[in-house]
Amino acid sequence: MPQPQERVLTVCPERQADLRLALARQALQTAGHLRIRAFGSSMLPTILPGDLLTFRAATLADALPGHIVLTATDDNAWRVHRIAAVDGDWVVTRGDALRHRDPPLPRASLLGVLEAQQRGERILAIDRSPNRLLPSTTRWLLHHLPLAHRLARITARRWPRLIELAA
C-alpha cells in the first residue's frame with residue numbers, strides 16, 4: 001500500500017502574516033467558522049495561552065462593546081481583543097490585561113466574533129460584559145509591573161484552575 005505524500009507549504013517569513021490572514025479570511029467566508037489556539041497574555045485571565053478559540057464570521061452588527069473579536073490589523077496580522085468602544089464606522093479594542101486601547105480600526109477589519117472557548121476538556125462560557133475587565137487592583141498590577149504580567153502568564157500555564165478561581 002503506497003504511503004501518502006506529505007506536502008509542505010513553504011512561505012518566506014515576510015509573507016507569513018499575509019498568508020495566515022488570508023487563510024483566516026477564507027475559512028471564515030467559506031465555512032463560517034475558524035478555530036485557533038490562543039497565545040500571548042493580553043487577554044489574561046479571560047483567555048489563557050493554549051485555549052482553543054472558535055470564531056464565527058462577523059457582521060457589522062456584531063461590533064458591540066464587550067464582544068471578543070478577531071480583527072485584522074494594519075500590519076496584516078490578526079489580534080484577539082475585546083471591543084472597548086464603537087464610534088460610527090470605527091471600532092476600538094483592548095486586551096483585558098492591557099493598559100492602553102488599540103488604535104481604532106474600521107468595522108470592516110472585524111473578521112470574527114468569539115463563539116466558543118475550550119480550555120483542556122472544558123467548554124467555557126463566553127462573557128460579553130463590556131465591564132468584564134480585571135478587578136482594578138489586579139489590572140493595576142498587570143499594567144504597572146512587568147514582573148506581575150510575567151508571573152500571571154506562568155501561573156496561567158501551570159495552574160489554569162487557579163486563574164479561573166481568581167477571575
Side-chain angles (χ1 to χ4, degrees), residues 17-119 122-146 148-149 152-153 155-156 160 163-167:
D18 295 340
L19 180 62
R20 272 195 299 263
L21 187 58
L23 289 171
R25 278 195 170 119
Q26 184 179 9
L28 285 164
Q29 288 171 356
T30 57
H33 289 83
L34 174 69
R35 200 162 181 194
I36 61 173
R37 187 167 300 278
F39 63 94
S41 58
S42 66
M43 287 297 291
L44 284 173
T46 306
I47 298 173
L48 302 182
D51 285 358
L52 282 175
L53 308 176
T54 303
F55 292 90
R56 66 173 166 76
T59 64
L60 295 180
D62 288 323
L64 297 172
H67 283 207
I68 297 173
V69 293
L70 176 68
T71 61
T73 63
D74 293 336
D75 57 350
N76 285 335
W78 66 39
R79 176 184 302 135
V80 175
H81 278 175
R82 190 181 301 275
I83 294 179
V86 178
D87 184 16
D89 288 336
W90 296 90
V91 175
V92 178
T93 59
R94 188 182 101 187
D96 287 0
L98 299 180
R99 178 189 306 175
H100 301 290
R101 292 178 171 188
D102 303 322
L105 296 167
R107 280 188 191 219
S109 67
L110 291 180
L111 301 176
V113 177
L114 186 63
E115 185 175 71
Q117 178 180 359
Q118 183 176 343
R119 184 170 299 150
R122 295 180 45 218
I123 304 295
L124 304 177
I126 304 300
D127 186 0
R128 290 194 167 94
S129 167
N131 300 319
R132 175 61 176 120
L133 299 173
L134 296 175
S136 59
T137 308
T138 308
R139 190 176 334 123
W140 187 91
L141 285 170
L142 290 173
H143 293 176
H144 292 88
L145 300 174
H149 198 93
R153 274 186 87 170
T155 304
I163 296 296
E164 290 172 25
L165 294 174

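- Partners of Ala77 according to the side-chain contact (heavy atoms from CB on, under 4.5 Å) rule, which considers only residues two or more places apart in sequence or in another chain, are Thr73, Asp75.
- For Gly95 against Met43, the heavy-atom pair with the smallest separation is CA-SD, 3.6 Å.
- In this structure, the side chain of Arg35 does not engage the main chain of Thr54 through any donor-acceptor pair within 3.5 Å.
- Without hydrogens or angle criteria, Arg37 side chain to Gly50 main chain gives a donor-acceptor distance under 3.5 Å.
- Side chains of Asp62 and Arg56 form a contact here, defined as non-hydrogen atoms less than 4.5 Å apart.
- Taking both residues in full, the closest heavy atoms of Gly40 and Pro49 are given as O-CG, 3.2 Å, listed atom of the first, atom of the second, then distance.
- The two residues Arg119 and Ile47 make their nearest non-hydrogen contact at NH2-CA, 4.2 Å.
- The closest side-chain heavy-atom distance from Leu111 to Leu21 is below 4.5 Å.
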Residues His81, Thr71; criterion side-chain hydrogen bond (donor to acceptor under 3.5 Å, both in side chains); working and verdict: CA-CA 8 Å; His81 278 175; Thr71 61; over 6 Å; no

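- Between the side chain of Arg107 and the backbone N or O of Gly88 there is at least one donor-acceptor pair closer than 3.5 Å.
- Using a 4.5 Å heavy-atom threshold, the side chains of Ile68 and Val80 count as touching.
- Here the shortest heavy-atom pairing between Ala63 and Ile83 reads CA-CD1, 3.7 Å.
- Rounding to the nearest 0.5 angstrom, the gap separating the CZ atom in Arg94 from the NE2 atom in His100 is 10.0 Å.
- Leu105 places a side-chain heavy atom less than 4.5 Å from the side chain of Asp74.
- To the nearest 0.5 Å, atoms OG (Ser109) and CH2 (Trp90) are separated by 8.5 Å.
- Residues Ser41 and Ala97 come closest through the heavy atom pair O-CB, 3.8 Å.
- Expressed to the nearest 0.5 Å, how far CG of Asp51 lies from CD1 of Ile36 amounts to 11.0 Å.
- Between the CG atom in Leu34 and the CG atom in Leu70 there is a gap of 6.5 Å [rounded to 0.5 Å].
- From Asn76, atom CG reaches atom CG of Leu19 across 11.5 Å, with rounding to the nearest 0.5 Å.
- The closest donor-acceptor contact from the side chain of Gln117 to the backbone of Thr46 lies under 3.5 Å.
- With rounding to the nearest 0.5 Å, the separation of CZ in Arg82 from OG1 in Thr93 is 11.5 Å.
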List the atom pairs, with distances to 0.1 Å, where a side-chain N or O of residues 24-33 and a protein N or O form a donor-acceptor pair under 3.5 Å, not counting sequence neighbours.
residue, atom, partner, partner atom, Å
Thr30, OG1, Gln26, O, 2.8
His33, NE2, Glu115, OE1, 2.9

